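Working notes, structure below.
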Amino acid sequence: MGIVTRFAPSPTGYLHIGGARTALFNWLYARANGGKFLLRIEDTDRARSTDAATQAIYDGLKWLGLEWDGEAYSQFARKERHAEVAQAMLDKGHAYKCYATKAEIEEFRASPEGKYGSFQSPWRDADPATAPDAPYVIRLKAPRDGVMEITDEVQGRVSWKNAEFDDMILLRSDRTPTYMLAVVVDDHDMGVTHIIRGDDHLINAGRQSLIYNAMGWDIPVFAHIPLIFGDDGKKLSKRHGATGAEEYRAMGYLAEAMRNYLARLGWSHGDDELFTTKQAIEWFNLKAINKAPSRFDFKKLDNVNKFHIENVPDDVLITGLQDYIASQGRAPLTEAVLTKLKPVLPILRERTKKLPDLLDKARFILGPRPFAPDENDAKHLNSVFNGILKRLTPQLAGVTTWTKEELETLFRDFAETEGVGLGKVAQPMKVVLSGTTKSPSTFDMMAALGKDETLARINDATARM
RNA sequence: GGUCCCUUCGUCUAUCGGUUAGGACAUCUGGUUUUCAACCAGGAAAGAGGGGUUCAACUCCCCUAGGGACUACCA
């Protein structure tokens, strides 16, 4: 029973992080059930839609690994079909032409009764013979009695009195469709079986069901997911920090981590917090989606990111790195660099929260020799340490098994005979090897660098002191 | 104003009538450590309020409060 989901953003900006999660849920559900995940750009608002925004949505989804099936649909391109359906509704008597002008409607809204009820068109039951030769909109002839009930996979059963719904406009006077019409027609034509979207659309599910019924179409399964808020419980906006998916790439988050964090925000699988996308696909279901909105927590995201930086396969990490670098407008890492990087990846991944941190740590293997010490770390290369080096270097030169463990033992013994803490020796050595103390462990670096290179760097440093 | 939705530690959440209400992040204390850090041990921390139903309610029902969505020829 082919499941079809869709993500339908309007291209008026970047890909919002809330939208990204909606897309993720749709994607997860489709993948979990062997279904299709479709993308539709809701570009019927010509004034606000831009190609750049459409591209930003594509880019954001691609970065997040949320590949859609087939070509993306353009809602605007389907306007003839929308008009056709509006006409069909007219023919079936479920819609009517309304000649009320915008001025008349506004006048009604400004009036006392306009404060409460919605606009009731006098043309609903008017004799067609009295119709003027003037522009008109096509309105839905919404039922006045009865109840509209929908069953939502997340919200449960929700109902409204039909009287609550107004005769919404289906086709504007310029023959373009409104959102309400376009969505229903497109979802129907695209064969969408499950509509997973933000719960700001919950009422629209009722309105749209009216159209489905009028056309005699099957109503899809609804799942209205709660929105994401900022840490203060208000709608997530710029002042909370990043709201665009792209920004997270630029900050150095892994797509795998974003998928994990976003999936876990509002959905759960018992106590599982850290999981792969593969697991998320296996576990995902609509029933476990929470009904309450959740707040975005950067601290937790950092923690999730740290986990994935540590555990993701090498090629995924490299891809993430390249994505990050591209987001900074820098040239990609070359093959030569990657060859140097790959062997030290294990020591780079430890204790790193974000991709730029990892790159910082990689300086010891990538950076040009000799290293000019960082401003804050230059103090380590003082005369005392110079003396220490004089006694230590010969010992190092005599090492036969150049491993992390052997070196650590040697340093500990050495520090003990010197009568100083290990930190007094190992810490300045980091500056010698990398120019900074923000590096991997001293012994990891030495082991990775090899004996000759290590000795050469000590030489560089003593020349400077 | 009206309609609809939501409400467990600071945060994300588990619990599907019977638990000392569990976990994770953050936080605090102690330990360890060559580092931005990490790790180990331990602590503090929650069912919005009020009524019901029931032998028993975080869990079911109602009310109140607070938050949110919608109420466009936007989507």
Side-chain angles (χ1 to χ4, degrees), chain A residues 8-12 42-45 47-49 75 98 100-102 105-106 109 115-119 135-139 152 154-156 158-161 163-166 168-180 182-183 198-207 224 226-227 229 231 233-235 261 264-274 287-288 290-304 306 350-353 357 360-361 377 380 408 411-412 415 421-431 434 436-445:
Chain A
S10 48
T12 55
E42 309 230 311
D43 49 1
T44 50
D45 184 345
R48 295 201 300 153
S49 301
Q75 189 158 67
C98 168
T101 63
K102 285 182 188 177
I105 295 172
E106 245 158 70
R109 292 226 169 89
K115 278 205 170 309
Y116 307 102
S118 49
F119 179 72
Y136 60 87
V137 298
I138 296 181
R139 283 182 185 273
D152 187 284
V154 175
Q155 309 286 341
V158 185
S159 60
W160 303 265
K161 291 191 182 72
E164 294 293 330
F165 299 115
D166 60 348
M168 58 192 168
I169 294 175
L170 268 14
L171 206 66
R172 301 188 187 105
S173 49
D174 65 358
R175 308 286 296 162
T176 61
T178 59
Y179 163 78
M180 223 56 79
V183 168
D199 69 5
D200 48 336
H201 285 291
L202 186 55
I203 294 177
N204 290 340
R207 294 201 180 97
H224 288 87
L227 270 19
F229 289 158
D231 53 11
K234 300 288 181 198
K235 203 172 166 185
Y261 179 73
R264 181 60 221 238
L265 199 58
W267 169 81
S268 63
H269 184 261
D271 281 337
D272 294 309
E273 302 273 354
L274 301 165
K287 296 288 182 206
N290 226 172
K291 296 172 84 166
S294 40
R295 304 177 186 209
F296 200 94
D297 183 359
F298 280 91
K299 294 260 180 59
K300 190 136 187 174
L301 208 212
D302 282 355
N303 188 264
V304 173
K306 177 178 171 295
E350 286 175 40
R351 292 170 308 216
T352 117
K353 279 195 182 127
D357 305 340
D360 278 346
K361 287 190 202 168
D377 295 320
H380 289 288
E408 183 162 353
F411 267 65
R412 286 189 189 283
L422 178 59
K424 287 277 186 270
V425 188
Q427 197 69 351
M429 185 58 77
K430 298 177 96 173
V431 183
S434 67
T436 175
T437 50
K438 291 182 187 175
S439 69
S441 133
T442 308
F443 316 114
D444 275 332
M445 285 195 291

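In this text, all values refer to a predicted model and were calculated from it rather than measured experimentally. A note on names: the letters A, B, ... follow the listed sequences, proteins ahead of strands, and every chain is numbered from 1.
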Point to revise | Base B:C73 to side chain A:Ser173, donor-acceptor N/O within 3.5 Å cut-off | key: yes
Review point. In whole angstroms, how far is the C1' atom of B:A72 from the CD1 atom of A:Ile203?
Key: 14 Å
Check your understanding: For A:Asp199 and B:U7, what is the distance between atoms CG and P respectively, to the nearest whole Å?
Key -> 11 Å
Study note, to complete from the structure: Interatomic distance, CG@A:Asp377 vs OG1@A:Thr437, rounded to 0.5 Å, equals 3.5 Å
Practice item. Could you give the distance separating B:G51 and B:A38 at their P atoms, to the nearest angstrom? Key: 47 Å
**Study point:** Pairing partner of B:A44 (Watson-Crick or G-U wobble, both distances under 3.5 Å)
**Key:** none
Review point. Do A:Gln155 side-chain atoms and A:His224 backbone N/O form a donor-acceptor pair below 3.5 Å?
Key: yes
Check your understanding: With side chains defined as the heavy atoms from C-beta onward, is the minimum distance between A:Leu422 and A:Arg412 less than 4.5 Å?
Key -> yes
Exercise for review: Would you mind reading off the distance between A:Ile169 atom CD1 and B:A72 atom P, rounded to a whole angstrom?
Suggested key: 10 Å
Practice item. Would you check if the distance from the ring center of A:Tyr261 to the ring center of A:Phe298 is below 6.0 Å? Key: no
Practice item. Tell me, please, which residues at least two apart from A:Lys300 pass salt bridge (charged side-chain N to carboxylate O under 4.0 Å, His left out). Key: A:Glu273
Exercise for review: For A:Ser159 and for A:Leu274, locate the closest nucleotide of RNA chain B by heavy-atom distance; then report the residue assigned to the nucleotide nearer the 5' terminus.
Suggested key: A:Ser159
**Study point:** Nucleotide of B:C25, B:A69, B:A75 approaching A:Lys299 most closely (side-chain heavy atoms)
**Key:** B:C25
Exercise for review: Give one of base, sugar-phosphate or nothing for A:Arg48, where a contact means two heavy atoms less than 4.0 Å apart.
Suggested key: base
Check your understanding: B:A75, B:G68, B:C39: which one has an atom nearest the side-chain heavy atoms of A:Lys306?
Key -> B:C39
Check your understanding: With rounding to whole Å, what would you report as the distance between B:A41 and B:U32 at their P atoms?
Key -> 15 Å
Practice item. Give a yes/no answer on whether the side chain of A:Lys234 brings an N or O atom under 4.0 Å of OP1 or OP2 in B:G68. Key: yes
Review point. What is the distance, rounded to the nearest whole Å, between atom CG of A:Asp302 and atom C1' of B:C36?
Key: 13 Å
Point to revise | A:Lys102 vs B:C73: side-chain N/O to OP1/OP2 distance below 4.0 Å | key: no
Check your understanding: Is any side-chain heavy atom of A:Lys438 closer than 4.5 Å to a side-chain heavy atom of A:Asp360?
Key -> no
**Study point:** B:U8 and B:U53, which share atom name C1', separated by this distance in whole Å
**Key:** 22 Å
Point to revise | Atom-to-atom span, CD of A:Glu164 to C1' of B:C5 - whole angstrom | key: 14 Å
Distances for protein N or O near nucleotides 8-17 of chain B N or O, under 3.5 Å:
residue	atom	partner	partner atom	Å
B:C12	OP1	A:Arg295	N	3.0
B:C12	O2'	A:Arg264	O	3.4
B:C12	O2	A:Lys300	NZ	3.3
B:U13	OP1	A:Gly266	N	2.5
B:U13	O4'	A:Arg264	NH2	3.4
B:U13	O3'	A:Ser268	OG	3.2
B:U13	O2'	A:Arg264	NH2	2.3
B:A14	OP1	A:Ser268	OG	2.9

Point to revise | Distance test, side-chain N/O of A:Thr44 to OP1/OP2 of B:A75, below 4.0 Å | key: yes
Check your understanding: Separation of A:Asp200 atom CG from B:A69 atom C1', in whole Å?
Key -> 7 Å
Check your understanding: Taking the side chain of A:Arg207 as heavy atoms from C-beta outward, which of B:A69, B:U35, B:C70 is closest to it?
Key -> B:C70
Exercise for review: Determine yes or no for a side-chain-to-main-chain donor-acceptor pair under 3.5 angstrom, with A:Thr352 supplying the side chain and A:Asp357 the backbone.
Suggested key: no
Practice item. Provide, to the nearest angstrom, the distance between the CG atom belonging to A:Asp272 and the P atom belonging to B:G23. Key: 15 Å
Exercise for review: Under 4.0 Å between any heavy atoms, over every strand shown, what does A:Val158 touch: base, sugar-phosphate, or nothing? Just pick one.
Suggested key: sugar-phosphate
